[in-house]
Amino acid sequence: MADNINTNKVNSFRKQKSKDEMKKQLISFALMIGFTIIAFGIVATDAIDKMFVVPLLLILALVQVAFQFYYFMHMKDKGHELPSMMIYGGIFAALLTIAALSVIVWW
């Protein structure tokens, strides 16, 4: 009898955890759609000076990439340290390459 009660508690805990995770993913998805609509609106309406459009779009894109890494690629979960390290290493290598090419072109 006690084993059945513990199993029910574990099952209800897992259901609640899954429900909370799905809620967070849906909120993140809605935010990403909102950022996309904002970016499209900025470009389509010419509401902002062209000098500020590109940095603003890059910021919105970086926020979306962070949401995708954190929620949809499960980078926040335990047991994903090696993939996280590889992705962050790739990002570092890409930034280093961009910086090096920028210096070469600028020089």
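The basis for the numbers below is simple: all heavy atoms, side chains too, and nothing from hydrogens, waters or symmetry mates. Predicted, not measured: the structure shown is a model, and the values here were computed from it.
For the salt bridge (charged side-chain N to carboxylate O under 4.0 Å, His left out) condition, the pairs that include at least one residue of residues 18-34, sequence neighbours left out, are E21-K76. Sorted by first and then second residue, the side chain to side chain donor-acceptor pair (under 3.5 Å) pairs involving residues 27-38 (not counting sequence neighbours) are T36-Q64. The side chain to side chain donor-acceptor pair (under 3.5 Å) analysis of residues 39-62, with sequence neighbours excluded, yields no pairs.
Under a hydrophobic clustering in which Ile, Leu, Val, Met, Phe, Trp and Tyr are joined whenever their side-chain heavy atoms come within less than 4.5 Å, directly or via other members, F35 and L58 fall into different clusters. Side-chain heavy atoms closer than 4.5 Å link hydrophobic residues (I, L, V, M, F, W, Y) into clusters, and following such links, possibly through other members, connects V43 to F52. In the hydrophobic clustering of ILVMFWY residues, with side-chain heavy atoms under 4.5 Å counting as a link, M32 and F40 come out apart. L95 and F69 fall within the same hydrophobic cluster, defined by Ile, Leu, Val, Met, Phe, Trp and Tyr side-chain heavy atoms under 4.5 Å apart, directly or through other members. V54 is not connected to L62 by any chain of hydrophobic side-chain contacts under 4.5 Å among Ile, Leu, Val, Met, Phe, Trp and Tyr, and they are in different clusters.
Cluster partners of M22, by chain and number: L26. The rule joins Ile, Leu, Val, Met, Phe, Trp and Tyr whenever side-chain heavy atoms lie under 4.5 Å apart. Taking a 4.5 Å side-chain heavy-atom cut-off between Ile, Leu, Val, Met, Phe, Trp and Tyr, the cluster of F92 extends to L96.
In this structure, CD1 on I87 lies 10.0 Å from CG on L82, to the nearest 0.5 angstrom. To the nearest 0.5 Å, the span separating OG1 on T97 from CG on L101 amounts to 6.5 Å.
Residues passing the side-chain contact (heavy atoms from CB on, under 4.5 Å) test with L31, sequence neighbours excluded: I27, F67.
Across every non-hydrogen atom of V53 and I48, the tightest pair is CG2-O, 3.7 Å.
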